[in-house]
Number of protein chains: 2
Amino acid sequence: MKVRDVAEAAGCSIGSVYNEFGDFDGLILTVNRETVQALTARLKAVPSDDPLRQLHGLADAYLGFATEHANLLRSLFEHRMEDDRPFPEDILAMVMDAFALMHAPLLRLLPDRDPDDVALLSRMMFSAVHGIISLGLEERMVAVPPEQLRERLAQFVDTHLAGLGVTRGA
Amino acid sequence: MKVRDVAEAAGCSIGSVYNEFGDFDGLILTVNRETVQALTARLKAVPSDDPLRQLHGLADAYLGFATEHANLLRSLFEHRMEDDRPFPEDILAMVMDAFALMHAPLLRLLPDRDPDDVALLSRMMFSAVHGIISLGLEERMVAVPPEQLRERLAQFVDTHLAGLGVTRGA
DNA sequence: GATTCTTCTTGAACAATGTTCATTTTCGAG
DNA sequence: CTCGAAAATGAACATTGTTCAAGAAGAATC
């Protein structure tokens, strides 16, 4: 993304882009804000009747979003601020909220665990899913072949749940 | 990293940097090559007597390396080539080899599984560990608090192994 | 040692891109 | 219509990757 391209696409001058977004970081962050909102909307649309199906649905929805908007997700997770400026709190909170969406179904599947522990488990599980997907979708690093990604991701979720003591179909 | 800084640090001219590395990509890739070699060396130094300890050791070694060289790892995984040039095969192979180091111990723990399946399981497990660590070490995204990362990573490995049918101490 | 050819080194100049700001345009208030 | 505030503009600047003609250094030959 280039400031001049944005200006041309918007049909305005370079200066106007700066009036609107402040600087390049502001431009990127505006995009990232929309990205995390779109991601969250998609994750929240996953049916929540059955917690097990929901967990699979969340992983699958994340995979779908990552497949369709690989570059947007990269911008969200890889962008560094200029001059070590702090990363905006609101985006941080939004990402954390998205990652916490695994909390509710996990809580239902693990009613006897310490809820704080489940909260961390859910973020960790989402981080793991994120890692598998982001490396799997890099064409260059065939950690997990993309065509198997969907199936393997489901397998991973099942395996991890089994390790947590959740018996399938319970 | 800037070409001019490298030239000054090396005590030579800008042009000499280009003679040596070709272009900026070449410079980055040289660094990335050393990074993956250092990472591999560290992972290979993990004792392999006990497969369970080895898996924990590999995860822990990766965490240690990521903690000490966060920016090097980011360069390795996040760098994009200019003009959509292909990513060098040799680095790709080296990263895949590093990721495959979980294969041997997993194979010992899962002797009855299809070896091809275990190969994929090991890469998936490493991808998951990578995701947990890389998001956990971003100060901005406290998916898993850094001070708990070591302990939680061990817990994750145990949980996943349990899900795969490995009973602790067997 | 002098000459010539090859190779390496240099850094000024160029290109691309984020950024600034004096100037101009726009537009509402009086 | 006039004036002043606000917004828009784009030329000019700063940074940084890149090129390449010119020069320096070295090797080979006589």
Side-chain angles (χ1 to χ4, degrees), chain A residues 1-39 69-92 94-95 134 138-141, chain B residues 1-39 69-92 94-95 134 138-141:
Chain A
M1 186 153 68
K2 308 183 220 304
V3 175
R4 281 165 178 77
D5 292 350
V6 171
E8 188 175 3
C12 68
S13 68
I14 297 173
S16 293
V17 175
Y18 276 83
N19 287 340
E20 185 69 23
F21 299 104
D23 59 4
F24 195 68
D25 269 349
L27 190 55
I28 300 281
L29 292 175
T30 299
V31 173
N32 288 356
R33 240 172 231 113
E34 287 187 19
T35 299
V36 65
Q37 277 165 0
L39 173 62
H69 310 291
N71 40 358
L72 290 180
L73 265 196
R74 271 202 294 270
S75 168
L76 178 60
F77 286 111
E78 297 179 5
H79 175 68
R80 311 280 139 190
M81 304 287 287
E82 304 273 317
D83 298 328
D84 290 332
R85 268 179 292 187
F87 199 81
E89 290 291 335
D90 65 325
I91 297 186
L92 230 84
M94 286 193 286
V95 174
S134 63
E138 301 273 350
E139 305 91 40
R140 61 193 201 188
M141 316 238 181
Chain B
M1 187 153 68
K2 307 185 221 300
V3 176
R4 281 165 178 77
D5 292 350
V6 171
E8 187 175 4
C12 68
S13 68
I14 297 173
S16 292
V17 175
Y18 277 82
N19 287 341
E20 185 68 23
F21 299 104
D23 58 3
F24 195 68
D25 269 349
L27 189 56
I28 300 280
L29 292 175
T30 300
V31 173
N32 287 355
R33 242 173 230 111
E34 287 187 19
T35 299
V36 65
Q37 276 164 1
L39 172 62
H69 310 291
N71 42 358
L72 290 181
L73 265 196
R74 271 202 295 270
S75 168
L76 178 60
F77 285 111
E78 298 179 5
H79 175 68
R80 312 280 137 189
M81 305 287 287
E82 304 273 316
D83 298 326
D84 290 331
R85 270 179 292 187
F87 199 82
E89 291 291 335
D90 64 326
I91 297 185
L92 228 85
M94 287 193 285
V95 173
S134 63
E138 301 274 350
E139 305 89 41
R140 61 193 201 189
M141 316 236 181

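Lettering of chains follows the sequences in order, A, B, ..., and the numbering in each one begins at 1. Worth knowing before you read on, the calculation uses all heavy atoms, side chains too, and leaves out hydrogens, waters and symmetry mates.
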Per-nucleotide protein contact string for nucleotides 14-25 of chain D (B base, S sugar-phosphate only, - none; heavy atom under 4.0 Å): --BBBB------
Pair Leu29(B)-Phe87(B), side-chain contact (heavy atoms from CB on, under 4.5 Å): steps then yes or no: CA-CA 9 Å; Leu29(B) 292 175; Phe87(B) 199 82; 4.3 Å; yes
Neighbour count above 12 (heavy atom, 6.0 Å) for Glu78(B) CD: yes
Any Ser13(B) side-chain nitrogen or oxygen under 4.0 Å from OP1 or OP2 of dT9(C): no
Side-chain donor/acceptor of Thr30(A) to backbone N/O of Gly26(A), under 3.5 Å: yes
Main-chain N/O of Val31(A) paired with Thr35(A) side-chain donor or acceptor, under 3.5 Å: yes
Distance in Å, Leu39(B) CG paired with Leu73(B) CG, rounded so as to fall on 0.5 Å steps: 6.5 Å
